[in-house]
Amino acid sequence: MITEPEESWEAEEGDGGSAYGPHSDDGRPALNGPRGDGGWGEGSGRRGLLPGPRPEVMAGLPPRPSPLGKLPGWLRGALGGVLVASLAGAALAYAGVLPQRHRGPDMHGYRIAQNPCTAYAFDAFGTAVESTDSGVWPAVFEHTARLDRAQCGFVAQGTPTQGTKTSYTVQVDVSLHRYSDPAAEFEAERAVDPSNLRVTTRTRAVPRLGDKAYLLSFDNPTRILEVLSGGAVITLRLESTTTAYGTGPDTEPPDLPDLDRLTASLAAAARAIMTTLAS
C-alpha cells in the first residue's frame, strides 16, 4: 500500500535536524506551530519556519546594544560630562578641597522664645544693691537669616545712704549667631565698649561662666560683662547713677558705688538668662 509521507518537522534544539517546518496547502511554508484544534498557530512546543536563534548562533553575535546607544551623540556626551563632574566634585569635597555642607556654631539648644529678662533673673543683683524698687523692661526682638537677637533691661533703686541715692540699670543684649562663629569678634571686643568704642581701663576673665567671659571696667561708673557660649553672646551692661539729696555751696560730691562688688550678682543674672534661653 502506498502511503503519503508524513510531514517532516524541524528537529529539537541540538539534534541537528532540518530547519524546515510543515507546508500549507498552497506549498508555502507554514509560519506557526500546531494549535490545539489541529491547525497551526503560536504557542506549541514546536517551531515553524521562523524559529528563535540557536545558542550556537547567539554565541557568535555581538552583544545587544545599550539603550543609551539610541540617544543622540551630543546627549550622550552631555550625560557623560555631568557624571564626570559629579564624581569629581564628590571626590574634591571628600578630600577637603571644596567646601562641604556648612555647619554653624553649637547653639547649646538656645533659642529666643520669650523675654530673656525674667523677674527671677536679677534676684541676686537686687539683693546685692539692697533694692527698694525694681522692674524689667519689655524685650525688643530681631530675627534674620543669620542672627536672632533680643534686647531687654532691668532697673533697680538702691537704698538711700548718707544723703545720696543710687539707681542701677542693666541693659541686656542676647545675640544668637546661627551661621557664623562669633568667637573671633568676641575676642576682638574684649578691650573696648562696643557701643562707643571707649577703651577699657581693665579687662579680666570671669571663671566658670559660659565658654569664655570677661568683665570690662571703665573710668566711669560702667561695667560690661560679656559671655560667650557656643554661638550665643550675652552682654550685660551695668551703669549706675548717684545723686545727692541736697544742693548748695557746701554739698560734697556723692561717693560712687563700688561696682566691682556686683560682679558675682551680674554673673548670676547671666546664668539665669542662659537657662531661660535653653528652656
Side-chain angles (χ1 to χ4, degrees), residues 112 114-141 149-175 186 189-210 212-229 232-247 251-277:
I112 299 178
Q114 58 180 318
N115 187 346
C117 298
T118 59
Y120 69 87
F122 295 92
D123 286 347
F125 185 87
T127 301
V129 299
E130 300 179 356
S131 173
T132 59
D133 189 18
S134 63
V136 296
W137 297 343
V140 177
F141 302 96
R149 188 177 185 184
Q151 293 177 308
C152 56
F154 172 81
V155 292
Q157 184 67 50
T159 301
T161 58
Q162 299 179 353
T164 62
K165 60 180 180 180
T166 301
S167 61
Y168 301 88
T169 302
V170 181
Q171 301 176 29
V172 178
D173 187 300
V174 177
S175 298
F186 180 82
E189 293 182 350
R190 57 180 292 187
V192 296
D193 184 341
S195 65
N196 54 28
L197 300 182
R198 180 190 296 269
V199 178
T200 64
T201 57
R202 181 186 179 190
T203 298
R204 62 186 179 94
V206 179
R208 298 182 296 278
L209 182 58
K212 292 181 180 180
Y214 298 108
L215 180 67
L216 284 61
S217 302
F218 301 88
D219 56 1
N220 57 6
T222 300
R223 299 293 184 272
I224 297 178
L225 177 63
E226 293 185 339
V227 182
L228 174 69
S229 180
V233 176
I234 300 98
T235 303
L236 287 78
R237 180 188 183 92
L238 168 62
E239 296 179 337
S240 66
T241 303
T242 303
T243 56
Y245 284 112
T247 59
T251 303
E252 296 182 359
D255 294 333
L256 298 179
D258 181 10
L259 298 185
D260 289 336
R261 69 179 183 88
L262 302 177
T263 300
S265 60
L266 277 180
R271 291 189 182 94
I273 291 172
M274 293 162 64
T275 300
T276 300
L277 295 174

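What you are looking at is a predicted structure, and each value in this text was computed from that prediction instead of being measured. Numbers for residues simply follow the sequence, beginning at 1.
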Open item on the list: Treating S265 as the side-chain partner and A124 as the backbone partner, does any N or O pair qualify as donor plus acceptor under 3.5 Å?
Closed with: no
Open item on the list: With no hydrogens and no angle check, just 3.5 Å: does a side-chain donor-acceptor pair link S195 and R237?
Closed with: yes
Open item on the list: Within the 4.5 Å heavy-atom criterion, are I224 and P194 side-chain neighbours or not?
Closed with: yes
Task: Close side-chain approach of F125 to S134, heavy-atom, < 4.5 Å - done: no
Open item on the list: Taking CZ in R208 as the centre, count heavy atoms belonging to other residues, nucleotides or ligands within less than 6.0 Å. Is the count above 12?
Closed with: no
Open item on the list: For E239 versus T222, what's the shortest heavy-atom pair and its separation?
Closed with: CG-OG1, 3.7 Å
- [ ] Evaluate the side-chain proximity of V136 to C152: yes if any heavy-atom separation is below 4.5 Å, no if none is.
- [x] no
Open item on the list: How close do A156 and V129 get, counting heavy atoms only, and between which atoms?
Closed with: CB-CG2, 4.3 Å
Task: T263 side chain reached by R223 side chain, heavy atoms, under 4.5 Å - done: no
Task: From OG1 (T235) to CD (Q151), nearest 0.5 Å - done: 10.0 Å
Task: Minimum-distance pair of heavy atoms, taken over all atoms of P221 and L259 - done: C-CD1, 3.4 Å
TODO: Would you indicate whether the side-chain heavy atoms of W137 and Q171 approach each other to under 4.5 Å?
DONE: yes
Task: Contacts of type side chain to side chain donor-acceptor pair (under 3.5 Å), residue R149, not counting sequence neighbours - done: D173
TODO: Look at the rings of F154 and F122 and say which category their plane angle falls in: under 30° parallel, 30 to 60° tilted, over 60° perpendicular.
DONE: parallel
Open item on the list: Is it the case that the side chain of T203 and the backbone of R190 share a donor-acceptor pair, with hydrogens and angles ignored and the cut-off at 3.5 Å?
Closed with: yes
Open item on the list: Within the structure provided, determine whether I273 and V227 are in side-chain contact (heavy-atom separation under 4.5 Å).
Closed with: no
- [ ] Check whether more than 12 heavy atoms from other residues, nucleotides or ligands sit under 6.0 Å from atom CZ of R204, and answer yes or no.
- [x] yes
Task: Short side-chain to backbone donor-acceptor contact, T159 and E130, under 3.5 Å - done: yes
TODO: Output, in order, the C-alpha distance, side-chain angles, deciding distance and verdict of side-chain contact (heavy atoms from CB on, under 4.5 Å) for L277 and I112.
DONE: CA-CA 6 Å; L277 295 174; I112 299 178; 4.1 Å; yes
TODO: Using the side-chain contact (heavy atoms from CB on, under 4.5 Å) rule, take E226 and V233 through it: C-alpha gap first, then chi angles, then the decisive distance, then the call.
DONE: CA-CA 7 Å; E226 293 185 339; V233 176; 5.6 Å; no
Task: Point-to-point distance, once rounded to the nearest 0.5 Å, from CG of L262 to CG of L225 - done: 11.5 Å
Open item on the list: To the nearest 0.5 Å, what is the distance between CZ on R198 and CG on N220?
Closed with: 5.0 Å
Open item on the list: Contact between S240 and L256 at the side-chain level, heavy atoms closer than 4.5 Å - yes or no?
Closed with: no
TODO: Taking all heavy atoms of Q157 and all of S167, pick out the closest pair and write down the distance.
DONE: OE1-CB, 3.7 Å
- [ ] Can you sort out the partners of F218 under ring pair (Phe, Tyr, Trp, His ring centres under 6.0 Å), two or more places apart, ordered by chain and number?
- [x] none
Task: Considering all heavy atoms, the nearest D260-S217 contact - done: OD1-OG, 4.0 Å
- [ ] Start with the C-alpha distance between L266 and V170, add both sets of side-chain angles, then the distance that settles side-chain contact (heavy atoms from CB on, under 4.5 Å), and finish with yes or no.
- [x] CA-CA 9 Å; L266 277 180; V170 181; 4.3 Å; yes
Task: From CZ (R202) to CG (D219), nearest 0.5 Å - done: 14.5 Å
